[in-house]
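The block underneath contains the structure these notes are about, expressed in structure tokens.
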Amino acid sequence: MPERSLSSTTMRCGAILGITTVTLVILGPFINGNFGVGDSWASTPQPWVTAPVGATVSTAYSLLVQLCIPFSAALVGASLVMRQNQGHQKTRGQSQMKRTDPGLPGN
């Protein structure tokens, strides 16, 4: 199995989390309507008393979506920063090798 760099693993995790979040947003009305507190419960003053499982599912769904979006963006952003840093280190290392190579004329 080829060894992956940390930046590509981070990018992959961020992309998978982003795709999962988009899927949750698309399936949101289905999840809340069938398993959570649907629209008919919106006028209920205390959904925790009348439907505790539905209120728990709706709350967990809302928290999951709200936390996944920024975390996915942070992972993708960190991956891009790591790749940029790796590129700068490679070019800096190559330019230093050229300057310190004893085989080059003028050194």
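Heavy atoms only: backbone and side chains are in, while hydrogens, waters and symmetry mates are out. Keep in mind that this is a model prediction, so the values were computed, not measured.
Ile69 and Ile31 fall within the same hydrophobic cluster, defined by Ile, Leu, Val, Met, Phe, Trp and Tyr side-chain heavy atoms under 4.5 Å apart, directly or through other members.
Closest approach of Gly14 to Ser72, counting heavy atoms only: O-OG, 2.8 Å.
Cluster partners of Ile16, using a side-chain heavy-atom cutoff of under 4.5 Å among ILVMFWY residues and allowing indirect links: none. Summarising the hydrophobic clusters (Ile, Leu, Val, Met, Phe, Trp, Tyr; side-chain heavy atoms under 4.5 Å, direct or chained), the residues clustered with Ile19 are none. Think of Val22 as one node in a network of Ile, Leu, Val, Met, Phe, Trp and Tyr side chains linked at under 4.5 Å; its network also takes in Ile26.
Sorted by first and then second residue, the pairs that involve residues 76-86 and meet side chain to side chain donor-acceptor pair (under 3.5 Å), not counting sequence neighbours, are Gln84-His88. Residue pairs meeting the side chain to side chain donor-acceptor pair (under 3.5 Å) criterion with at least one member in residues 7-24, sequence neighbours excluded: Ser5-Ser7, Ser5-Ser8.
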Taking only distance into account, with no hydrogens and no angle test, what donor-acceptor pairs under 3.5 Å do side-chain atoms of residues 61-68 form with protein atoms, sequence neighbours excluded?
residue : atom : partner : partner atom : Å
Tyr61   : OH   : Leu24   : O            : 2.8
Ser62   : OG   : Ser58   : O            : 3.0

Met11 vs Leu75, side-chain contact (heavy atoms from CB on, under 4.5 Å): CA-CA, chis, key distance, verdict: CA-CA 7 Å; Met11 177 66 86; Leu75 284 174; over 6 Å; no
